[in-house]
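Treat the numbers as computed from the prediction; the structure is a model and nothing was measured. The chains referred to below are lettered A, B, ... by the order of the sequence lines, with proteins before strands, and numbering in each begins at 1.
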Amino acid sequence: MANKIPRVPVREQDPKVRVTNFEEVCYGYDLQEAQLEASRCLGCKKPRCVEHCPVSLQIPQFIEQVSQGNFAEAARVIAQDSSLPSVCGRVCPQESQCEGSCILGIKGEPVSIGKLERFVGDWNIANGEHPVAQASAQAKRVAVVGSGPAGLACASDLAKMGYGVKIFEALHKAGGVLQYGIPEFRLPKEKVVAQEIQNVLNLGVEIETDVIVGRTITVDEMLDTEGYSAVFIGSGAGLPRFMGIPGENLNGVVSANEFLTRANLMRAYDAQYDTPIYVGQRVVVVGGGNVAMDAVRTAARLGAEAHIVYRRSEAELPARAEEVHHAKQEGISFKMLTNPTEVIGDEKGWVRGIRCIQMELGEPDASGRRSPIEIPGSEFEIECDVVIMALGTSPNPLIAATTHDLETTRRGCIVADEQQGQTSRKGIFAGGDAVTGAATVILAMGAGRKAAKAIDAYLKNE
Amino acid sequence: MYKILRKELLAPNIYLMDVEAPRVARAAKPGQFIILRLDEKGERIPLTIADYDATEGSVTIVIQTIGYSTTKLCAMNPGEFLADFAGPLGRPSEFVNEDMATLRNKRILFVAGGVGTAPVYPQVKWLAEHGIKADVIIGAKNKDTFIYVEKMQQVAGHVYLATDDGSAGFHGLVTALISDLIDNQGKQYDEVIAIGPMIMMKFVTKTTKAYNLKTIVSLNSLMVDGTGMCGACRVSVGGKTRFTCVDGPEFDGHEVDFDEAMRRQGMYKTIESRKAKIEQERAEGHVCKVGLDR
Ligand SMILES: Cc1cc2nc3c(=O)[nH]c(=O)nc-3n(C[C@H](O)[C@H](O)[C@H](O)COP(=O)(O)OP(=O)(O)OC[C@H]3O[C@@H](n4cnc5c(N)ncnc54)[C@H](O)[C@@H]3O)c2cc1C
Ligand SMILES: Cc1cc2nc3c(=O)[nH]c(=O)nc-3n(C[C@H](O)[C@H](O)[C@H](O)COP(=O)(O)OP(=O)(O)OC[C@H]3O[C@@H](n4cnc5c(N)ncnc54)[C@H](O)[C@@H]3O)c2cc1C
Ligand code: SF4
Ligand code: SF4
Ligand code: FES
């Protein structure tokens with residue numbers, strides 16, 4: 001029986017070597033490995049994996065094509081539901097989505113769906129056909145704000161439907177978090193991100209960087225004077241949160257966004273680039289999500305002794321399981337059930353340590369997770385010279401503040417309906433982190449595609 | 001890519017550049033800034049908008065060479081291109097959105113220090129275009145380091161000069177001149193707007209506090225993105241953490257924690273590796289091909 005074959009292990013860079021470089025940790029499957037792994041799938045009639053993929057990717061169908069060696073066909077199956085397989089195969093939290101529900105996982109190991117998806121995506125980048133298109137001059141035009149997964153997915157679908165699409169991006173490089181947040185060692189910029197963006201450009205989509213919508217031009221101007229018939233807002237959730245504890249403005253305290261942007265977008269780890277980065281000797285990263293893992297592993301690669309401080313226990317870590325596993329292999333220390341109360345500075349105002357308090361888990365809170373409670377009198381200090389806050393982010397208020405009558409929630413998220421992305425304003429659609437708050441690449445991509453459909457329907461009826 | 005249209009040496013180590021950036025020129029308001037990048041490997045450098053011409057589609061910046069990137073920028077010439085030029089960033093000056101009737105009755109004193117004189121200009125000019133004549137103090141080390149004096153005279157009410165060495169205008173610091181105007185020359189003001197080095201702004205707010213005079217300052221904190229995404233630019237204003245790039249750059253000077261702001265500004269100046277790198281590149285003749293080095 002197919003499932004007697006053990007899960008095909010994936011080759012990775014040796015942990016001792018990889019903490020000294022920024023090259024990708026995981027090499028991915030080669031042809032033989034992919035076909036062997038694909039042969040494990042049972043091709044379930046009622047596939048549980050599909051139910052738990054946010055975009056209902058036709059998993060058994062594409063895997064069947066991989067096992068037959070029909071990679072182009074596998075790519076075609078995936079493309080029906082996902083426009084970023086090389087990315088999602090690498091960064092989706094598979095253990096809580098597709099793979100977490102695979103029937104094989106009940107008694108043994110689930111099919112390596114993410115690695116197979118990545119294989120097909122990478123194969124397609126290297127060998128596949130990349131459609132080229134150009135909108136006619138008469139086509140209606142749509143403006144897309146933000147070039148993250150939501151904006152890229154929305155733009156490419158609209159371009160395929162024949163619309164003229166332009167993406168406006170605030171930073172100097174397209175890609176959103178894929179470019180500035182997720183590090184090279186997890187998501188290569190040239191090999192993957194740039195290629196995905198090139199595919200979007202091939203469809204005739206234009207990308208104008210250095211445009212801060214709300215400042216350089218407003219959403220209303222796009223509709224009223226720039227000749228766009230509809231706007232999609234995919235501006236993400238980039239505003240970093242801080243704790244509000246004493247000492248947070250000392251020299252040496254940075255947000256994970258700042259640290260990662262310096263390292264990824266600005267390439268501060270490469271001496272050829274001009275942007276400086278301050279790493280110190282001993283780094284404490286506060287938080288337990290993907291962002292925290294990326295920051296701590298980046299700090300380790302830049303030569304620091306790096307630690308995670310997280311207020312709940314290991315079971316509650318929200319990061320992808322693979323990232324936690326990789327971080328441990330790379331020698332990152334995890335201080336669980338620990339919460340900072342104060343950052344301590346030296347006489348010159350530079351960080352010299354962080355005071356923390358021990359926590360224990362109490363009753364489950366609204367999120368269903370057991371909430372951490374302070375243990376009185378358990379304060380202690382950790383010596384360090386850099387503190388990186390990775391406490392989550394929320395949507396930037398700029399666009400909402402500069403667009404007339406665009407409704408937002410109390411948390412600053414743009415109000416948009418889940419199926420269509422329709423906002424409180426006619427002709428304006430939104431999706432991704434700007435609507436949900438910080439979430440995942442696959443959800444943002446899915447939202448962008450749904451909105452593209454809705455924009456098409458809207459423009460046809462207009 | 002953004003073309004450099006003009007370049008002018010205003011004073012030792014201070015250059016003016018006009019850059020072609022039509023979108024920025026159309027949207028710019030007094031008080032705002034831009035972020036530019038020289039080339040693919042460059043850092044993002046924040047600079048205040050010193051003038052803008054929507055018709056020509058150009059934006060003026062005035063740059064002081066203080067370190068690696070500004071020196072490299074000032075070595076560029078008309079006809080060359082900058083990789084990026086994004087803006088306008090930050091909030092426009094408060095008065096731009098003020099009720100005109102109230103604003104017309106306001107007696108405003110600008111206090112400009114060094115290269116900070118350039119960003120004062122579009123503000124005074126905007127006011128002049130709206131029929132309001134503001135007074136301006138310009139401070140400099142000596143008479144050779146003034147910039148923008150004549151331009152300022154065309155749009156301001158009175159322009160007062162102060163030099164540290166007494167080689168022109170008032171002999172002494174701008175703070176002493178503020179006191180002199182109010183105490184000895186019978187001047188009265190409702191508001192002060194100070195732009196210059198942090199240390200100057202700090203002492204201006206100390207001086208005006210004694211007169212209970214509202215004082216706006218323009219902060220130049222460290223920045224990366226300039227859009228509210230990184231928090232590098234955070235400052236304490238009235239005990240609360242604010243992001244200079246989106247909440248500012250102008251704040252109520254009496255609420256700003258200047259000591260913290262100055263300390264934070266120095267954060268990357270002490271990175272030895274960077275210094276070493278600059279030194280090395282200097283040695284290789286990488287930077288100062290046109291003899292800009294002091
Ligand atoms: C460090 C890090 C690691 C992560 N790891 C994972 C992971 O492993 N797996 C996973 O699924 N998810 C991960 N995420 C989350 C995921 O990246 C996001 O949910 C996803 O990128 C959201 O996509 P988006 O298109 O909505 O927004 P973004 O990717 O945030 O893109 C928004 C874009 O809009 C631009 N923009 C913002 N405002 C304006 C404006 N006013 N004008 C013009 N442009 C503007 C921004 O510059 C940005 O480029 C991670 C996030 C971070 C920060
Ligand atoms: C809102 C704003 C407006 C500004 N307007 C002007 C202007 O109109 N004219 C002008 O000449 N300068 C202005 N500055 C300062 C200018 O950005 C810095 O002088 C420049 O970034 C220094 O770069 P450097 O590499 O040459 O210096 P270095 O000393 O080599 O810089 C080292 C690092 O420190 C940072 N840095 C150093 N000094 C400053 C500073 N004062 N402000 C912010 N970052 C700094 C840089 O980001 C750099 O990464 C402004 C800054 C801000 C934030
Ligand atoms: S898109 Fe994500 S959740 Fe869906 S199958 Fe691929 S890896 Fe799994
Ligand atoms: S649940 Fe597992 S075995 Fe079944 S179709 Fe999905 S991947 Fe294949
Ligand atoms: S410069 Fe990044 S938030 Fe202000």
Which bit of [X] is near chain B, if near means a heavy-atom gap under 4.5 Å: side chain, backbone, both or neither?
X: A/E248; answer: backbone
X: A/T216; answer: both
X: A/F242; answer: side chain
X: A/L260; answer: neither

Inspect the surroundings of [atom1] in [X] and state if more than 12 heavy atoms from other residues, nucleotides or ligands are less than 6.0 Å away.
X: A/K191; atom1: NZ; value: yes
X: A/Q281; atom1: CD; value: no
X: B/E129; atom1: CD; value: yes
X: B/K29; atom1: NZ; value: no
X: B/E94; atom1: CD; value: no

If I take atom [atom1] from residue [X] and atom [atom2] from residue [Y], how far apart are they, to the nearest 0.5 angstrom?
X: A/I217; Y: B/R26; atom1: CD1; atom2: CZ; answer: 8.5 Å
X: A/L265; Y: B/R44; atom1: CG; atom2: CZ; answer: 7.0 Å
X: A/W350; Y: B/M267; atom1: CH2; atom2: CE; answer: 5.0 Å
X: A/L171; Y: B/I35; atom1: CG; atom2: CD1; answer: 9.5 Å

query: For the candidates B/A83, B/A21, B/G87, which exhibits the highest count of non-hydrogen atom pairs separated by less than 4.5 Å from chain A?
result: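 Among the listed options, the one with the most contacts to chain A is B/G87.
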Heavy atoms only, distances under 4.5 angstrom: which of B/T227, B/D257, B/D259 has the most pairs with chain A? Name it, please.
->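 Most heavy-atom pairs under 4.5 Å with chain A: B/T227.
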Let me know if [X] has heavy atoms under 4.5 Å from chain A in its side chain, its backbone, both or neither.
X: B/F85; answer: backbone
X: B/R91; answer: both
X: B/L89; answer: both

Look at the side chain of [X] and the backbone N and O of [Y], then say whether any donor-acceptor pair between them is shorter than 3.5 Å.
X: A/R215; Y: B/G90; answer: yes
X: A/N257; Y: B/M229; answer: yes
X: A/D274; Y: B/S69; answer: no

* Asked: Would A/L398 and B/V246 count as a side chain to side chain contact (heavy atoms under 4.5 Å, CB included) if you check the C-alpha gap in whole Å, the side-chain angles of each, and the deciding distance to 0.1 Å?
  -> CA-CA 8 Å; A/L398 180 61; B/V246 286; 5.9 Å; no
Where do [X] and [Y] come nearest, in terms of heavy atoms and distance?
X: B/Y268; Y: A/E258; answer: OH-OE2, 3.3 Å
X: B/F243; Y: A/L239; answer: CE2-CD1, 4.3 Å
X: B/G231; Y: A/P240; answer: N-CG, 4.3 Å

Identified side chain to side chain contact (heavy atoms under 4.5 Å, CB included) partner of B/E40 from the options A/K173, A/H172, A/Q272: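 Going through A/K173, A/H172, A/Q272 one by one, the side chain to side chain contact (heavy atoms under 4.5 Å, CB included) with B/E40 is satisfied by A/K173 alone.
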Check your understanding: Taking NZ, NE, NH1 and NH2 as the nitrogens, is one of them in A/E208 or B/R23 under 4.0 Å from a carboxylate oxygen of the other?
Key ->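 Result for this pair is yes, salt bridge flagged.
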Practice problem: Quick one: do A/N249 and B/S236 satisfy side chain to side chain donor-acceptor pair (under 3.5 Å)? Show the steps, please. | Solution: CA-CA 8 Å; A/N249 287 347; B/S236 297; 3.2 Å; yes
Worksheet item: Stepwise, does the side chain to side chain donor-acceptor pair (under 3.5 Å) test hold for A/Y180 with B/D225?
Response: CA-CA 10 Å; A/Y180 77 74; B/D225 60 301; over 6 Å; no
Of B/E260, B/R263, B/R264, the residue whose pairing with A/N251 passes side chain to side chain donor-acceptor pair (under 3.5 Å):
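Option passing the side chain to side chain donor-acceptor pair (under 3.5 Å) with A/N251: B/R263.
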Student check: side-chain heavy atoms of A/V253 and B/R234 closer than 4.5 Å: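 SC-SC contact between A/V253 and B/R234 confirmed.
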